[in-house]
Protein chains: 2
Amino acid sequence: MNKYPNQTPLLLAVDCIIFGYDGIELQILLVKRAMEPAKGQWSLMGGFVGPDENIYHAVERVLETYTGLKDVYLDQFKIYGDPKRDPIERTASVAYFALIDINKYKAQINDVYEAKWFPINEAPELIFDHDLMVEEAKARLRYKAAFHPILFELLPKKFTTPQLQNLYEQVYNTKIDNRNFLRKLASSGLLIKLTEKDKSSSKRGAFYYKLDNTKYKTKFQSFINFIPNPEQLVF
Amino acid sequence: MNKYPNQTPLLLAVDCIIFGYDGIELQILLVKRAMEPAKGQWSLMGGFVGPDENIYHAVERVLETYTGLKDVYLDQFKIYGDPKRDPIERTASVAYFALIDINKYKAQINDVYEAKWFPINEAPELIFDHDLMVEEAKARLRYKAAFHPILFELLPKKFTTPQLQNLYEQVYNTKIDNRNFLRKLASSGLLIKLTEKDKSSSKRGAFYYKLDNTKYKTKFQSFINFIPNPEQLVF
DNA sequence: CCAAAAGTGTTATCGCTACACCCATGA
DNA sequence: TCATGGGTGTAGCGATAACACTTTTGG
């Protein structure tokens with residue numbers, strides 16, 4: 001077939017900012033880059049979009065390759081296209097943030113890739129513009145999580161409300177009044193209380209909850225304000 | 001310099017969904033495509049990202065070429081990358097929606113391009129996946145405008161509150177109680193009342209207002225809920 | 001004087017925030 | 001028994017939504 005004349009093509013890639021939560025801190029998953037340039041330096045997980053492959057498929061493939069996970073929550077938040085961002089060849093990169101259950105990942109650890117979780121504030125310097133991507137991904141995560149219950153994606157099937165509250169506190173770097181938080185949570189109707197308790201972090205134990213998946217799906221589009229005074233959020 | 005081996009490059013383009021408001025309806029600006037394929041069919045305004053050109057620069061260039069306008073409100077909302085979306089050659093397209101003052105555009109009319117404003121619900125069928133882009137741009141516009149005062153970008157320097165309310169009603173396809181609307185508007189502090197009246201749409205006349213640009217900038221990041229019950233918005 | 005659009009107040013409800021103490025348990 | 005983290009209630013405030021009539025004026 002004919003082509004458009006006089007146009008300069010470029011490479012298209014995807015990069016993932018993969019967030020996880022270990023019950024204490026928000027983490028990101030990084031990998032040691034396996035190819036030149038910058039081989040051996042820390043980087044986001046990414047890959048080129050293949051011929052005949054659509055972009056979403058490419059991210060899913062990259063994620064599965066590096067983490068073994070499918071059906072992960074993914075949010076395409078920006079494309080980075082500075083002509084000089086990759087010194088080897090012009091490459092535009094579609095950035096996604098992913099939210100995964102860190103425990104599911106652990107089960108799949110794959111030592112082919114040198115991958116490592118880092119607490120969000122202790123991550124090493126990354127190649128190219130990946131540090132910028134991480135910053136912007138964090139901002140977008142905050143923005144979106146202020147109104148949509150996406151942070152549940154970071155938790156295991158069974159979790160406790162203190163865990164959940166701590167997660168919100170980590171993401172927003174703030175203290176939340178736990179009575180108000182639990183009231184909002186209850187009124188959201190998203191949680192189902194289980195009879196079992198988690199005794200690992202206190203003597204009294206905290207009840208496990210699970211997501212009400214039906215309500216989760218129907219309420220996902222709703223704006224639920226889990227964060228006090230979200231006016232300051234940058235987007 | 002060396003290149004990445006075995007990667008297939010593609011073309012990168014930008015497409016703009018340009019919204020305008022004539023005081024009555026929300027409109028989009030379309031153009032008759034000047035090249036094959038689909039020459040002569042209606043299309044969004046777009047163009048290829050040049051070598052050594054960053055993406056944002058490309059949109060700005062495209063917008064200025066077609067509308068004569070600079071410094072337009074632009075929001076990059078998605079990249080469309082289906083391998084078959086352009087039948088000639090694989091092209092990924094970064095979609096932006098733009099909000100412009102339709103009067104400024106009129107002053108710049110440029111008959112080199114066959115461009116035409118269409119009421120949003122009376123637009124013709126578009127090429128490729130442009131209809132999908134328009135639908136998704138509308139959804140994003142609604143989403144964002146529910147919390148950020150971006151719709152002011154569609155109005156001329158001087159405007160009346162009935163015009164503004166009608167704009168919100170058009171965008172959300174709903175009736176808004178005007179006492180509540182005006183109260184929210186007043187409490188936002190974004191408007192400065194002028195002494196002049198617009199008599200064009202009523203005998204009594206409606207006061208003109210202008211934006212308080214300082215407050216607009218500081219409040220832009222704030223969430224201002226101009227729409228009752230925004231819970232249903234899709235994003 | 002009348003039609004047509006602009007402009008104006010009140011009330012009830014709801015959701016949010018601030019705030020401090022008791023409970024359960026293992027060690 | 002005590003240290004630790006889990007869990008609970010209330011009151012005041014502010015924002016929202018529902019609701020209808022008066023004002024202005026050109027024709």
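Proteins get letters first, then strands, A, B, ... in listed order; numbering begins at 1 in each. Owing to the predicted nature of the structure, the values given are computational and were not obtained by experimental measurement. Because only heavy atoms are used, hydrogens play no part in the values below, and waters and symmetry mates are left out as well, while side chains stay in.
Relative ring orientation between A:Tyr73 and A:Phe97 is described as tilted, the plane-to-plane angle lying within the 30° to 60° band. Between A:Phe147 and B:Phe147, the two ring planes are parallel [angle under 30°; tilted spans 30° to 60°].
With no hydrogens or angles considered, a side-chain donor-acceptor pair links B:Tyr216 and B:Glu153 at under 3.5 Å. B:Asp15 and B:Ser93 share a side-chain donor-acceptor pair at under 3.5 Å.
Rounded to whole Å, atom C1' of D:dT4 lies 14 Å from atom CG of A:Asp198. The NZ atom of A:Lys193 sits 13 Å away from the P atom of D:dG6 (whole-angstrom rounding). Across the protein-nucleic acid pair, B:Glu169 atom CD and C:dA5 atom P stand 13 Å apart, rounded to whole Å. Rounded to an integer number of Å, the gap from B:Phe207 CZ to C:dA5 P is 19 Å. Between A:Lys175 atom NZ and C:dT17 atom C1' the separation is 18 Å, expressed in whole Å. One atom, CD1 of B:Ile176, and another, P of D:dA17, lie 10 Å apart when rounded to the nearest Å. Atom-to-atom, CG of A:Leu185 to C1' of D:dG7 comes out at 13 Å; the value is rounded to the nearest Å. Taking atom CZ of residue A:Phe181 and atom C1' of nucleotide C:dG15, one finds them 16 Å apart after rounding to whole Å.
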If the sugar-phosphate is the primed atoms plus P, OP1 and OP2 and the base is the rest, what is the B/S/- string for nucleotides 19-27 of chain D, using protein heavy atoms under 4.0 Å?
-> BB--BBBB-
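Atom NZ of A:Lys138 has more than 12 heavy atoms from other residues, nucleotides or ligands within 6.0 Å.
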Steps toward side-chain hydrogen bond (donor to acceptor under 3.5 Å, both in side chains) verdict (B:Glu136, B:Tyr80) | CA-CA 11 Å; B:Glu136 298 190 342; B:Tyr80 293 82; 2.5 Å; yes
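Across all strands, A:Ser187 comes closer than 4.0 Å to no nucleic acid atom at all (heavy-atom distances). B:Thr160 comes within contact range of no nucleotide atom at all, as no heavy-atom separation falls under 4.0 Å.
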